Amino acid sequence: MSTAKKDYKRITTRSLIEMKANGEKISMLTAYDFTMATITDGAGIDAILVGDSASNVMAGHETTLPITLDQMIYHASSVVRGVKRALVVVDLPFGSYQSDSKEALRSAIRIMKESGAHAVKLEGGSEIKDSIKKILNAGIPIMGHLGLTPQSIYKFGTYTVRAKEEAEAQKLIDDAKMLEKLGCFAVVLEKIPAQLAKQVAESISIPVIGIGAGGDVDGQVLVIHDMLGMNNEFSPRFLRRYMDLHEGMTNAISQYVSDVKSQDFPNENEQY
């Protein structure tokens with residue numbers, strides 16, 4: 001399989017499918033505000049996920065469940081304004097699509113119209129089939145999400161690895177094939193055995209983006225606050241920290257406090 005890298009001026013859903021076909025891995029990170037989106041996009045990321053993880057890292061909630069559709073639109077709008085190249089995908093929050101396909105469509109339309117995002121992401125498989133079909137029929141691109149689905153945390157009762165048992169693994173495979181058949185352009189697999197993720201990636205033609213799903217999928221996604229080391233309390237096996245911003249920012253702020261207290265800041269060159 002070719003590994004030639006195409007120079008994309010703008011990443012689209014079609015670009016990600018081409019990347020898989022060409023054997024080029026897809027890079028994806030979360031972002032929730034203009035500044036972080038601008039930096040991430042400028043660094044060459046392929047896709048940005050405006051995740052409902054904003055509920056955790058931006059608002060301090062224990063789970064992703066409390067964040068609202070209005071709040072997701074706010075974050076997504078901020079991100080879109082900072083992006084020139086990356087594909088922007090937005091999570092539909094808990095309660096905005098599960099129970100009623102018409103409500104799901106209204107939620108997706110609001111995100112697309114009010115934020116300017118390029119696609120939405122939904123958690124689940126056959127249980128939300130009607131919502132997926134309704135949104136796709138309206139011309140809105142969907143990224144699926146299977147495996148550990150954080151919006152169902154109270155159903156699972158734990159954030160442990162999913163699909164270790166044969167029945168759940170088979171359902172995951174079936175759901176992934178269903179998402180492809182319905183017309184989703186990609187699917188996220190979260191915290192499942194690497195061998196199962198590889199099997200899924202090889203069985204469907206749309207890109208499989210992993211988080212805690214091993215290296216034999218088509219791309220990877222991480223929460224940016226985690227990979228930059230801003231959150232030092234979260235240390236799952238799949239997380240690689242590329243910086244320790246928590247320590248660096250703490251030291252910088254402590255130095256600022258000290259400089260203000262000692263009247264070292266501002267000095268003569270830092271005033272008018």
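This chain uses plain numbering: 1 for the first residue, then up along the sequence. Since this is a predicted model, take the numbers as computed values, not measurements.
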Salt bridge or not for [X] and [Y], using N-O below 4.0 Å?
| X | Y | value |
| --- | --- | --- |
| Lys6 | Glu24 | no |
| Asp91 | Lys121 | yes |
| Arg110 | Asp70 | yes |

Between [X] and [Y]: side-chain donor-acceptor atoms closer than 3.5 Å:
| X | Y | answer |
| --- | --- | --- |
| Tyr32 | Ser53 | yes |
| Thr38 | Thr35 | no |
| Ser77 | Glu114 | no |
| Arg10 | His118 | yes |
| Ser78 | Asp33 | no |

Closer than 3.5 angstrom, by distance alone: can the side chain of [X] be matched with the main-chain N or O of [Y] as a donor-acceptor pair?
| X | Y | result |
| --- | --- | --- |
| Gln170 | Ala167 | no |
| Ser262 | Ser258 | yes |
| Asp218 | Val208 | yes |

Minimum heavy-atom separation for [X] to [Y], with atom names?
| X | Y | answer |
| --- | --- | --- |
| Leu179 | Gly144 | CD1-CA, 4.0 Å |
| Val223 | Thr30 | CA-OG1, 3.3 Å |
| Cys184 | Leu136 | N-CD1, 4.0 Å |
| His246 | Thr250 | O-OG1, 2.6 Å |
| Val50 | His75 | CG1-CB, 3.9 Å |
| Leu239 | Phe234 | CD2-O, 3.3 Å |

Just how far is it from atom [atom1] of [X] to atom [atom2] of [Y], taken to the nearest 0.5 Å?
| X | Y | atom1 | atom2 | result |
| --- | --- | --- | --- | --- |
| Thr149 | Lys191 | OG1 | NZ | 12.5 Å |
| Gln151 | Leu92 | CD | CG | 8.5 Å |
| Leu105 | Ile140 | CG | CD1 | 6.0 Å |
| Glu168 | Leu196 | CD | CG | 9.0 Å |

I'd like to know whether Lys171 forms a side-chain contact (heavy atoms from CB on, under 4.5 Å) with Ser126, so could you lay out the CA-CA distance, the side-chain angles of the two residues, the decisive distance to 0.1 Å, and finally the verdict.
CA-CA 9 Å; Lys171 183 182 185 308; Ser126 57; 3.5 Å; yes
What's the verdict on side chain to side chain donor-acceptor pair (under 3.5 Å) for Glu103 and Ser96, showing C-alpha distance, side-chain angles and the deciding distance?
CA-CA 7 Å; Glu103 181 181 11; Ser96 68; over 6 Å; no
Side-chain contact, heavy-atom cut-off 4.5 Å: [X] with [Y]?
| X | Y | value |
| --- | --- | --- |
| Lys102 | Lys134 | yes |
| Lys20 | Ile17 | no |
| Val89 | Val120 | no |
| Val90 | Met72 | yes |
| Leu222 | Phe238 | yes |

Go through Glu123 and Gln98 one step at a time and tell me if the side chain to side chain donor-acceptor pair (under 3.5 Å) criterion holds.
CA-CA 9 Å; Glu123 294 183 8; Gln98 289 93 340; over 6 Å; no
Take atom CD of Glu270 as the centre, draw a 6.0 Å sphere, and report whether it contains more than 12 heavy atoms from other residues, nucleotides or ligands.
yes
When you look at OH of Tyr8, are more than 12 heavy atoms from neighbouring residues, nucleotides or ligands closer to it than 6.0 Å?
yes
Pair Thr40-Ile224, side-chain contact (heavy atoms from CB on, under 4.5 Å): steps then yes or no:
CA-CA 9 Å; Thr40 306; Ile224 196 163; 3.3 Å; yes
List the steps, then state whether side chain to side chain donor-acceptor pair (under 3.5 Å) holds for Gln255 with Asp259.
CA-CA 6 Å; Gln255 186 62 54; Asp259 290 350; 2.8 Å; yes
Run the numbers on Lys177 and Ile173 for side-chain contact (heavy atoms from CB on, under 4.5 Å), then give the verdict.
CA-CA 6 Å; Lys177 291 179 178 179; Ile173 293 170; 3.9 Å; yes
Is Met143 reachable from Leu148 through a run of I, L, V, M, F, W or Y residues, each pair having side-chain heavy atoms under 4.5 Å apart?
no
Take Leu87 and Phe185 through the test side-chain contact (heavy atoms from CB on, under 4.5 Å) and record every step on the way to the result.
CA-CA 12 Å; Leu87 180 79; Phe185 71 90; 3.9 Å; yes
